[in-house]
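The structure is given below, and queries will be raised subsequently.
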Amino acid sequence: MKIYKNHIAEKIAGIIGDDRDRIETLLEIPPSEDMGDLAFPCFTLSKDMRRAPDVIAEELGNKIGRDNLIERAEAAGPYVNFYIDKSHLISTVIDQILSDRDDYGRSDEGSGKNIIIEYSSPNIAKPFGIGHLRSTVIGASLKRIYEYLGYKVVSINHLGDWGTQFGKLIYAYRNWGDELKLNEDPIGHLYELYVRIHREEENDPKLVELTRSEFKELEEGDSENIDLWRRFSDLSRKEFRKIYKMLGVNFDSEKGESFYIDKIPAVEKSLKDRDLLKESQDATIIDLEKYEMPPILIRKSDDTSLYATRDLAAAIYRKKEYNFDKMVYVVGVAQSLYFRQLFKSLELMGNDWADNCHHVSFGWVKLGEEMMSTRRGNIVFLEDVLARTVEEAKKIVEENSPDLPDPDSVAKAVGIGAVIFTDLSCRRDTDIAFDWDKMLDFRGNSGPYIQYSHARICSVIRKYGKELKKEYNAGLLLLPEEYSMAKMLVCYPDIIKKAANEFEPYYISNFLLELCGIFNTYYQKYRSPEDRILSSNSDVADSRVTLADCARIVLHSGLKLLGISAPEMM
RNA sequence: GCGCCCAUAGCUCAAUUGGACAGAGCGUCUGGCUACGGACCAGAAGGUUGGGGGUUCAACUCCUCCUGGGCGUACCA
């Protein structure tokens, strides 16, 4: 769409003698297709020129004539509506996609830039719930999106493998642990112990001190505690790996919190040198009152470290190690105050790059009226969700397409795709309502709907049979849906950039749904031998299949950016 | 108490960041395969955008107050 915006902005600027770029940012896409393809609202001009917007629009409309990009311009009240030359747009986008193929929409705007994305970061010894999935899926998608734009991305799984909870876990395991259970179902057993110690601590406050001292010993290097910790950690990592494999998610680094404990002293020294540390209530803090924030705790009264301590160390380490241009933390919205404190602390330490750190937050997953949380014990396990969606997909596949060569892998692709898509189909900050019925419904606005549309196009191309030639005639693509589709395809690169800028993969999901909507309408509306895609007129068929193939390429690409696979048959 | 966030169709979510008539899916009702895949498509019903006031050419969007909810707010992460 960029070339058209540019072109129109230039024309308008030429007439009124204003700044091109300013005009360009004012251009918008009208709410309905019959109002043209791009619109210029004259309100702001009206202020400068002290004339009624309708009059300006009228004048512009008359002065802008047709050329090979613009078919016509027409005033509509205070707007000037521009109608792009359809044949120009269609052939431009088809040529572009056919030459770029799977790289359509790729760019090099990020080349030479490093970005760190921290995501997933589950806690060792806690089950992977459907709530944790959001960070994983959003982060993994952002990684793909940024790589597509030429950035060098380092993805980090900042595992929660250190902290007070390990004192609890060690204590609980010593007293109630079961070797057999631990090996059979490590996370299940550890979680059971975790829940139990929490309950018991409520009844017996003395336990709190005992578990805290276990952590202190761990942090001081007690070998027995370290052995246990390492075992818990290894077993959990192994379990998580299974989940990541299913989801098709991977990381460049899996350095968890524990990695940074030996880097804490240097951080503390630098904090002390800048006189940022303060003793308060027996603990060590950074006072942030000047910045209207509560203090951030650096050391507890028993002298053990906290997540903030380790996060400061991690940020500084990463800056040294990767020299990132940007670092984003994909972490739930509950932590937003904490990240403001963290970034402010980094800044106070003299790190001018603190500005380049972003908290990419996301909302809760609700179960009924409640927020899902491990602490409350009302979580839905990701493994159960994946198992059920895959099973459901298998049922449907068996019923609808009994002779698929590999039904199991298709069922997996669809079941998992449905789960991933659900998390990416609304804005990050909205809370998601988890609902089994909806999760298992593969119709409507869903991942499988997009996969289905993609498979359908693949099927048409198979039926077409011939080698796809690069020959097509834009003059034969005159149906309104063909133009709408082409127009969407033109916008795909813009959508990717928007998704990256706002850290919102949902823009891509939304775009894909819309594209599928148009294609499916097109597909079903025209059924006569001549009007359908595989038209009896072979020239027309060539052109239509070519356009459909472009849509296929974009659907495939978009799904990939979301981390969802696109089977050719399903 | 203070801070941040949310409230849009019966339900789940959108709305080009202040723009033209607030749109999709599900659910309800009606219709569509001897054809290119019905995990689909077409149509209908469904809204005073939680409520009041304000800012302006224009408010779901910005300001203010109220109501209802969520999260955070020093030794969890």
Side-chain angles (χ1 to χ4, degrees), chain A residues 28-32 35 39 41 43 46-47 52-53 76-79 81 121 123 126 160 162-165 168 212 257 280-285 292-302 304 306-308 310-311 331-338 340 361 363-364 366 369-371 374-375 393 396-397 399-401 414 418 422 425-427 429-433 435 437-438 441-446 448-453 455-464 498 502 506 510 513-514 516-517 520-529 532-535 541 544-545 548 569-570:
Chain A
E28 55 191 46
I29 292 169
S32 131
M35 299 179 196
F43 305 108
S46 151
K47 276 202 174 149
Y79 294 88
N81 292 335
S121 313
N123 287 323
K126 283 192 202 165
W162 203 254
T164 319
Q165 80 262 24
K168 298 185 200 295
R212 282 180 71 163
E257 293 186 57
S280 168
Q281 299 171 30
D282 287 332
T284 310
I285 64 163
E292 293 175 327
M293 284 186 267
I296 184 167
L297 258 80
I298 298 299
R299 274 208 189 269
K300 297 191 278 193
S301 48
D302 66 1
T304 54
L306 282 118
Y307 54 102
R310 305 187 284 269
D311 271 345
V331 178
V333 70
Q335 250 105 292
S336 23
L337 171 61
Y338 167 67
R340 281 177 50 222
S361 62
W364 296 82
K366 288 186 293 186
E369 290 301 301
E370 282 208 333
M371 310 300 180
T374 329
R375 258 186 66 200
I396 296 177
V397 164
E399 203 178 307
N400 292 359
S401 348
V414 172
T422 302
S425 61
C426 58
R427 304 191 76 105
D429 280 316
T430 16
D431 295 339
I432 290 183
D435 174 22
D437 289 339
K438 210 189 157 199
D441 185 358
F442 299 160
R443 297 135 62 223
N445 289 348
S446 70
Y449 170 68
I450 296 169
Q451 291 171 315
Y452 179 81
S453 310
R456 180 181 248 177
I457 300 179
C458 290
S459 169
V460 171
I461 293 171
R462 273 196 306 275
K463 284 263 159 55
Y464 175 70
K498 198 171 166 192
E502 296 179 34
Y506 120 93
N510 206 37
L513 285 175
E514 242 178 277
C516 289
N520 285 319
T521 300
Y522 171 59
Y523 178 90
Q524 303 245 10
K525 185 167 164 189
Y526 306 102
R527 302 176 152 217
S528 72
R532 57 187 201 157
I533 297 174
L534 297 176
S535 169
R544 287 191 180 149
V545 173
M569 290 185 269
M570 62 187 273

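Within every chain, numbering begins at 1; the chains are lettered A, B, ... in the order of the sequence lines, protein sequences first and strands thereafter. Only this structure's heavy atoms are used, side chains among them; waters, hydrogens and symmetry mates stay out.
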### Query
Should B/C2 form a Watson-Crick or G-U wobble pair with both distances under 3.5 Å, which nucleotide is its partner?
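Pairing partner, where one exists within any strand: B/G72.
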### Aromatic centroids of A/Tyr452 and A/Phe442 separated by under 6.0 Å
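Ring centroids of A/Phe442 and A/Tyr452 are no less than 6.0 Å from each other.
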### Summary
Residue pair A/Leu337/A/Pro53 against RNA chain B: nearer the 5' end by closest nucleotide is A/Pro53
### Message
Please classify the nucleic acid contact of A/Gln281 as base, sugar-phosphate, or nothing, using heavy-atom distances under 4.0 Å.
### Response
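The residue A/Gln281 makes base contact.
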### Message
Work out how far the C1' atom of B/G50 is from that of B/C6, and round it to whole angstrom.
### Response
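About 11 Å, rounded to a whole number of Å.
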### Query
Considering all heavy atoms of both residues, which atom of A/Tyr338 and which atom of A/Ala308 are nearest to each other, and what is their separation?
OH-CA, 3.3 Å
### Message
When the P atoms of B/G25 and B/C2 are compared, how many Å lie between them, rounded to an integer?
### Response
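B/C2 and B/G25 have their P atoms separated by 44 Å.
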### Query
Closest nucleotide of RNA chain B for A/Pro30 versus for A/Ser401: which of these residues is on the 5' side?
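Upstream on the strand: A/Pro30.
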#### Entry: B/A15 OP1/OP2 closer than 4.0 Å to side-chain N/O of A/Arg427
yes
### Message
Can you say whether a donor on the side chain of A/Gln524 sits under 3.5 Å from an acceptor on the base of B/G32, or the other way round?
### Response
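Yes, a donor-acceptor pair under 3.5 Å.
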### Separation of the C1' atoms in B/G43 and B/A59, to the nearest angstrom
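One C1' to the other, the span is 33 Å.
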### Task
Just compare B/C41, B/U16, B/G25 and give me whichever is closest to any side-chain atom of A/Pro31.
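Of all the options, the side chain of A/Pro31 is nearest to B/U16.
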### Task
State whether A/Ser528 places a side-chain N or O below 4.0 Å from either non-bridging phosphate oxygen (OP1 or OP2) of B/A35.
no
### Task
With heavy atoms under 4.0 Å as the rule, sort A/Arg443 into base, sugar-phosphate or nothing.
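Since only primed, P, OP1 and OP2 atoms lie under 4.0 Å of A/Arg443, the category is sugar-phosphate.
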### Sugar-phosphate only, base, or nothing, as touched by A/Arg544 at under 4.0 Å among non-hydrogen atoms
nothing
### Query
Among the nucleotides B/A77, B/G19, B/A14, which one has an atom lying closest to any side-chain atom of A/Tyr79?
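The closest nucleotide is B/G19.
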### Task
Please state whether the base of B/A39 and the side chain of A/Ser446 form at least one donor-acceptor pair under 3.5 Å?
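Checked by distance alone, the answer is no.
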#### Entry: A/Ser361-A/Asp429 side chain donor-acceptor pair, cut-off 3.5 Å
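A donor-acceptor contact under 3.5 Å links the two side chains.
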### Message
Side chain of A/Ala455, heavy atoms from C-beta onward: which of B/G19, B/G37, B/C21 has the nearest atom to it?
### Response
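The nucleotide sitting nearest to the side chain is B/G37.
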#### Entry: Backbone N/O of A/Ile298 and side chain of A/Thr284: donor-acceptor pair under 3.5 Å
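No.
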### Task
Would you say whether A/Tyr452 stacks on B/G37? The test is a distance between ring centres of less than 5.5 Å and an angle between planes of less than 30°.
no
### Message
Taking the C1' atom in each of B/G52 and B/C57, what is the distance between them to the nearest angstrom?
### Response
24 Å
### Query
So which nucleotide from B/A74, B/G19, B/U17 ends up closest to the side chain of A/Glu502?
B/U17
### Query
On a plain distance test, is the side chain of A/Asn81 in donor-acceptor contact with the base of B/A20 below 3.5 Å?
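By the distance-only test, yes, there is a pair.
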### Query
Considering only side-chain heavy atoms of A/Ala433, which listed nucleotide, B/A74, B/C13, B/G70, is closest?
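Side chain of A/Ala433 sits closest to B/C13.
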### Same-atom distance (P) from B/C41 to B/U56, integer angstrom
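It comes out at 46 Å once rounded to the nearest Å.
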### Task
With C1' as the reference atom in both, quote the distance from B/G27 to B/C11 in angstrom, rounded to an integer.
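Nearest-Å result for B/G27 against B/C11 at atom C1': 7 Å.
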#### Entry: No-H, no-angle donor-acceptor pair, A/Gln451 side chain to B/A39 base, under 3.5 Å
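In this structure, the two groups form no donor-acceptor pair.
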### Task
Just compare B/G25, B/G37, B/A39 and give me whichever is closest to any side-chain atom of A/Lys463.
B/G37
### Query
So which nucleotide does B/G23 pair with, by the Watson-Crick or G-U wobble rule with both distances under 3.5 Å?
B/C13
### Task
Respond yes when some side-chain nitrogen or oxygen of A/Arg456 is under 4.0 Å from OP1 or OP2 of B/G38, and no when none is.
yes
### Message
If stacking means aromatic ring centre less than 5.5 angstrom from the base's six-membered ring centre, planes under 30°, is A/Trp364 stacked on B/G70?
### Response
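Per 5.5 Å and 30° rule: no stacking.
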### Task
In whole angstrom, give me the gap between the C1' atoms of B/G38 and B/G32.
10 Å
### Task
Could you check which of B/A77, B/A15, B/G38 has an atom nearest any side-chain atom of A/Tyr506?
B/A15
### Query
Which listed nucleotide (B/A35, B/A74, B/U16) is nearest to the side chain of A/Arg532?
B/A35
### Message
Taking the minimum atom-to-atom distance to the side chain of A/Thr521, which one of B/G37, B/A74, B/C41 wins?
### Response
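Nearest to the side chain of A/Thr521 among the choices is B/C41.
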### A/Arg427/A/Glu502 under salt bridge (charged side-chain N to carboxylate O under 4.0 Å, His left out): CA gap, chis, key distance, verdict
CA-CA 10 Å; A/Arg427 304 191 76 105; A/Glu502 296 179 34; 3.8 Å; yes
### Message
With a 3.5 Å distance limit and no angle check, can you tell me whether A/Asn81 reaches the backbone of A/Met35 through a side-chain donor-acceptor pair?
### Response
yes
### Task
Sticking with atom P, work out how far B/U49 lies from B/A44, rounded to a whole angstrom.
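B/U49 and B/A44 have their P atoms separated by 22 Å.
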### Query
So, the side chain of A/Arg544 versus the backbone of A/Arg532: is there a donor-acceptor pair under 3.5 Å, distance only?
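It does hold such a pair.
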